[in-house]
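Here the structure comes first, spelled out in structure tokens, and everything after it is commentary.
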Number of protein chains: 2
Amino acid sequence: MQFTKAEEYGMLGVLYLSEKKLGSITPLSEIAEAKGIPEKFLAKIFQSLSRATIVRSHRGVRGGFSLAKDPKEISVKEVLESIHGPYHLIKCTNNTEICDKSNFCSLRELLSIAERKLVQIFEDHTLADLVKWQKNKMIAI
Amino acid sequence: MQFTKAEEYGMLGVLYLSEKKLGSITPLSEIAEAKGIPEKFLAKIFQSLSRATIVRSHRGVRGGFSLAKDPKEISVKEVLESIHGPYHLIKCTNNTEICDKSNFCSLRELLSIAERKLVQIFEDHTLADLVKWQKNKMIAI
DNA sequence: GCTGCTATGCAGTTTACAAAAGCAGAAGAA
DNA sequence: TTCTTCTGCTTTTGTAAACTGCATAGCAGC
Ligand code: SF4
Ligand code: SF4
């Protein structure tokens, strides 16, 4: 049960955009270099984010990506789910047909609780929140 | 970010034991068949549980495994951590040396919070709790 | 002390998926 | 027209999960 690189990279990418002036356009190459992410891999991730209208793509010279909305309006959950689909700690929390015992299974019940808590945390925090944390930390040091 | 089969099987195994009379010995073959788990795989998992003194092994005829303590005394966290080691959503929540930016990273901060919540849930529930849920469900149906 | 049963320990194999790279092509700006 | 950047595939690589096999050790009952 681990965060994937795709999720980490996606988050770092949108956080990078969040720190810039709202609406400003940044090419992938810049993000990839700044954060040390393989550019092609990041491209794939940003395609998902683009389809989910979290970022907006701009082709051509001086093109790149910009945030599609204010960081205040983008929850971490949105970002993560557009990369890897809905969050599930175990398949059966979603689809009871996977396992015939799912109606009697207390493990499933526990994992459902844990899953809800986890998603809640991701839902309750926006990109703007994270950027703010970051700034506070920088000042503290 | 998914629960592994090893974790699921381990939990199902100890839950199976928890439902039996305390101290009674059950061979792996029985558990594996009852829960539909590959026996050799389960054997490996139970070796970890045995080393963590969650279960006790008994060799020879009529041997098998028994719980080493009362289900009330065994938290889900204990079981999971003896199978896969300490829980971490991302490597850097544990070891700050992995990433040079870890001191400024707000993603790391968020994941630390999420991780603590998750572990808390696993820590707060014992095997006895889960067995109780199970029984209540059976009655309800 | 022999026989059959069950766990132990380690070394595999296979499978699945994450991670990354590659490339032809479309869209856009200058 | 040309250069740039994203787009939509396909393919490769790497790694860890999931599972298997076998030779060995310990125990019980006869
Ligand atoms: S046994 Fe329980 S946890 Fe496993 S798949 Fe079935 S319902 Fe889910
Ligand atoms: S960038 Fe942040 S989340 Fe990623 S490894 Fe470094 S500290 Fe952890």
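Residue numbers begin at 1 in each chain, while the letters A, B, ... track the order of the sequences.
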Hey, could you give me each pair passing side-chain hydrogen bond (donor to acceptor under 3.5 Å, both in side chains) that has a residue in residues 9-32 of chain B? Not counting sequence neighbours. Tyr16(B)-Glu30(B), Lys20(B)-Glu30(B)
Atom CE of Met138(A) and atom CZ of Phe104(B): how far apart are they, to the nearest 0.5 Å? 6.0 Å
If you define the side chain from C-beta out and look only at heavy atoms, does anything of Lys117(A) sit under 4.5 Å from Ile121(A)? no
With the side chain counted from C-beta on, respond yes when Ser82(B) and Ile54(B) share a heavy-atom pair under 4.5 Å apart, and no when they do not. yes
For DNA chain D, which residues of residues 63-71 of chain A approach it to below 4.0 angstrom with any heavy atom? Gly63(A), Gly64(A), Phe65(A)
Please collect all ring-ring contact (aromatic ring centres under 6.0 Å, His included) contacts where either partner lies in residues 50-69 of chain B, sequence neighbours excluded, each pair once. Phe46(B)-Phe65(B)
Specify the separation, in whole Å, of atom CG of Leu49(A) and atom P of dG8(D). 14 Å
Reading 5' to 3' through nucleotides 21-30 of chain C, protein heavy-atom contacts under 4.0 Å coded B for base, S for sugar-phosphate only, - for none: BBB--BBBS-
Within the structure provided, determine whether Leu130(A) and Met11(A) are in side-chain contact (heavy-atom separation under 4.5 Å). yes
Under 4.0 Å: is that the gap between some side-chain N or O of Gln47(B) and OP1 or OP2 of dA7(C)? no
Roughly how many Å is it from CD1 in Ile83(A) to P in dA18(C), rounded to a whole number? 13 Å
Do Leu17(B) and Ile31(B) come within less than 4.5 Å of each other through their side chains, counting heavy atoms only? yes
To the nearest 0.5 Å, atom OG1 of Thr4(B) lies from atom CD of Glu7(B) at 3.5 Å
Identify whether any heavy atom of Ala6(A) sits under 4.0 Å from a base atom; if not, whether one sits that close to sugar-phosphate; answer base, sugar-phosphate or nothing. sugar-phosphate
Atom pair distance, as rounded to whole Å: CZ in Arg56(B) and P in dT8(C): 12 Å
Set of residues satisfying side chain to side chain donor-acceptor pair (under 3.5 Å) with respect to Lys69(A), sequence neighbours excluded: Glu78(A)
Close side-chain approach of Val14(A) and Ile74(A), heavy atoms under 4.5 Å: no
Assign Arg51(A) to base, sugar-phosphate, or nothing according to its heavy-atom contacts below 4.0 angstrom with the strands shown. sugar-phosphate
Mind calculating the distance between CD1 (Ile37(A)) and P (dA18(C)) to the nearest angstrom? 18 Å
OP1 or OP2 of dT8(C) sitting under 4.0 Å from any side-chain N/O of Ser57(B)? yes
Any Phe122(B) side-chain heavy atom under 4.5 Å of Leu111(A) side chain: yes
Mind listing the residues from residues 8-34 of chain B sitting with a heavy atom below 4.0 Å of DNA chain C? Number order is fine. Pro27(B), Leu28(B)
